[in-house]
Structures are given as structure tokens and as C-alpha cells.
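Contents: one structure, followed by commentary.
In each ligand, atom 1 is the first atom listed, and ligand 1 is the first ligand listed.
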Amino acid sequence: MKLKSRHLLGLDGMSKEEIALILDTAVSFREILDRPIKKVPPLQGKTVVNLFFESSTRTRISFELAERRLSADVVSFSTAASSVSKGETLKDTARNIEAMKIDMVVIRHPAAGSAHFLSRVVDANVINAGDGGHEHPTQGLLDMYTIWQKFGSLDGLRVCMVGDITHSRVARSNIYGLTTMGAEVSVCGPNTLIPREIEKLGVKVFHRLEDVIPRVDVLNVLRIQLERQKSGLFPSLREYHRFFGVTKEKVAKAPKPITIMHPGPINRDVELSADLADSEHSVILQQVTNGVAIRMAVLYLLGTSN
Ligand code: CP
């Protein structure tokens with residue numbers, strides 16, 4: 001079986017079989033990460049360019065590691081050190097890079113739709129590493145992989161995304177992916193941070209953590225984007241923490257232990273208490289490790305299917 005598209009632009013519209021193919025493929029790459037020699041040859045002779053127009057720690061390093069472990073030639077680009085700072089457009093930047101005969105492009109960009117746009121103007125395979133508030137598909141996949149690794153199945157599992165759902169590409173990719181895989185997905189946050197009519201995506205909405213905690217297996221806690229506070233979407237970080245901060249005390253009221261996830265970077269003691277982030281219930285660092293395996297799987301499936 002192959003992925004239907006030459007690109008990975010989002011999880012919206014991806015079939016259950018395609019998601020399962022990526023997760024299954026990642027299993028063997030995850031095993032390679034525990035070997036003393038972590039390099040395998042499938043992308044030998046291919047060149048991958050990482051175009052990062054926005055800051056990133058995990059996604060950028062993870063893609064670079066994944067590419068190098070698949071033996072690709074890797075070029076990484078950041079806005080500050082490029083001609084974008086002289087006003088060059090995304091289209092011109094991408095077409096000039098492609099003229100140097102590259103095979104795949106990984107893009108992170110603050111504009112929603114930038115990865116789709118890029119896929120229409122270049123011949124290379126395009127992978128979306130986060131486009132504005134739209135999607136972050138490899139994050140959604142690595143989150144699903146981490147849950148699947150822990151519970152053995154996604155079907156019927158109860159997962160709640162907590163926090164700023166409106167501005168979160170991570171939430172959107174998780175919602176598309178998890179609902180396709182049969183999980184029971186909910187969101188929880190203040191009214192101002194939950195999009196209207198989100199129920200149409202097949203999720204339940206909660207506005208009180210106390211109502212969610214008794215009925216979930218997993219809490220995926222999202223970063224509060226600190227700049228949102230200035231736009232008056234919630235009164236203060238202290239108040240946010242009081243009502244929506246996920247803490248050891250709050251989750252201790254659950255009938256059974258809840259698995260804690262966070263895509264990073266964490267605002268410790270704002271959306272998630274530091275002790276819970278570092279506790280045995282947290283799989284946050286497993287998410288990061290699994291991210292390399294998922295990105296290897298995606299690069300492998302796209303890069304070897306031409
Ligand atoms: N999870 C995530 O996208 O983190 P970075 O912004 O550090 O890449």
C-alpha cells in the first residue's frame with residue numbers, strides 16, 4: 001500500500017488505512033533508533049531542504065535527524081540568514097531552491113496554507129511542518145503513535161485536548177487523525193479559546209477540567225500562546241492556571257491514572273504543573289523520541305514511492 005498523495009500537507013482527509021500505514025512503518029524506524037548504529041540507506045542520493053520561516057526546536061531537529069538517519073543529503077534554511085530578509089517571496093525562494101535539483105521540502109511557515117501553496121509551485125514532495133493555525137500533521141501522527149504505543153489501540157480511547165484550541169494547529173491535526181482512527185475526542189478550555197461549531201468535527205466540548213478528568217484516558221495539554229493574553233482572550237495566566245492548568249492534584253481525582261501529553265514547548269506551571277510534566281504519567285519525552293521515527297516513516301513513504 002502507498003500514500004495517495006505525493007505530499008503530506010495535513011491529516012484532514014487522510015484515510016484510516018493511510019494513517020495506519022504511517023504508524024506501522026514508524027514501528028521499524030523506532031526500533032532502529034535504539035540500535036548503536038542508527039543509519040539506514042533508503043534516501044541515499046535524495047536531497048531534502050528544510051525551510052523554517054518560524055522558530056522551532058523539536059520539529060526542526062527531529063526532521064534533520066530523521067533525514068540524516070535515512071541517509072539523505074540535508075540542507076537547512078532559516079529566514080534570518082536568507083534573502084527572505086531582503087523581501088524575497090516564498091514562491092521565488094522555493095523555486096530557486098528547487099532549481100538546485102532537490103527532491104523533498106519540509107516547510108514551517110506562519111501562514112496557514114503555505115504548504116499547500118508550495119506543493120502547487122514546486123515539483124518536489126512537500127511536507128508540512130506546521131503552517132500557521134492550520135495543521136501540524138507530523139505532530140498529530142507522533143501523538144497518535146505515542147498513544148497507540150502505550151494503549152495498543154486508538155479505537156474507543158478517550159482523548160481530550162486542553163487549552164487554546166482556536167489557534168492550535170496541533171489540536172486540528174490531532175482531531176482529524178484521532179477521530180479517523182476511532183478515538184473519542186474532546187476539547188476543554190475557556191469559551192474564548194474554543195472555535196464555534198467545533199462539534200461538527202466530531203468532538204465533545206467541555207469548559208471545566210473537573211468534568212473531563214473523570215472520563216478520559218489521555219490529556220493532551222496545549223501550550224498557552226502567551227501573546228493571546230494581550231488580546232484579552234483570558235484575564236491572566238494565574239487565572240488560566242487556576243481553572244485550566246493541569247496539575248497533580250486535579251488529575252489525582254480521576255478513577256484511574258491519566259496519561260499526560262504536551263507537544264512542547266511547555267509553559268511550566270501555567271498550562272501544566274512542572275511536577276506532573278516530569279511524573280511517571282507523562283509521555284512528553286516519548287513523544288519527542290517517537291517524532292523522529294514518525295518523520296522517518298513519512299520521509300521514507302513519500303521519498304521512495306516515486
Ligand atoms: N511541537 C513543536 O512543534 O515544537 P517546536 O515548535 O519546537 O518545533
Problem set entry | Pair Gln149-Asn290, side-chain donor/acceptor within less than 3.5 Å | yes
Exercise. For Tyr300, which of Leu43, Ile22, Thr25 qualifies under side-chain contact (heavy atoms from CB on, under 4.5 Å)?
Worked result: Thr25
Exercise. When you check the side-chain N and O atoms of Arg60 and Ser76, is any donor under 3.5 Å from an acceptor?
Worked result: no
For this session: Could you list the atoms of ligand 1 found under 4.0 angstrom from a heavy atom of His136?
Result: 2 (C), 3 (O)
Exercise. Just which atoms of ligand 1 are under 4.0 Å from any heavy atom in Thr59?
Worked result: 2 (C), 3 (O), 4 (O), 5 (P), 8 (O)
Seminar exercise, completed: Per-atom filter on ligand 1: closer than 4.0 angstrom to a heavy atom of Thr57 are 5 (P), 7 (O), 8 (O)
Problem set entry | Close approach of Arg108 to ligand 1, heavy atoms, under 4.0 angstrom | yes
Exercise. Which protein heavy atom lies closest to atom 4 (O) of ligand 1, and at what distance to 0.1 Å?
Worked result: Arg58 NE, 3.1 Å
Problem set entry | Arg268/Asp278 salt bridge by N-O under 4.0 Å criterion | yes
Exercise. Looking only at N/O atoms, are Pro263 and ligand 1 under 3.5 Å apart anywhere?
Worked result: yes
Exercise. Quick one: does Gly264 get a heavy atom under 4.0 Å from ligand 1?
Worked result: yes
Exercise. Which ILVMFWY residues can you reach from Met100 by hopping between side chains whose heavy atoms are under 4.5 Å apart?
Worked result: none
Show me the donor-acceptor pairs within less than 3.5 Å that the side chains of residues 137-145 make with the rest of the protein, sequence neighbours left out.
from, atom 1, to, atom 2, distance (Å)
Thr138, OG1, Arg295, NE, 3.1
Thr138, OG1, Arg295, NH2, 3.1
Gln139, NE2, Asp143, OD1, 3.0
Asp143, OD1, Gln287, NE2, 2.8
Asp143, OD2, Asn174, ND2, 2.9
Asp143, OD2, Asn220, ND2, 3.3

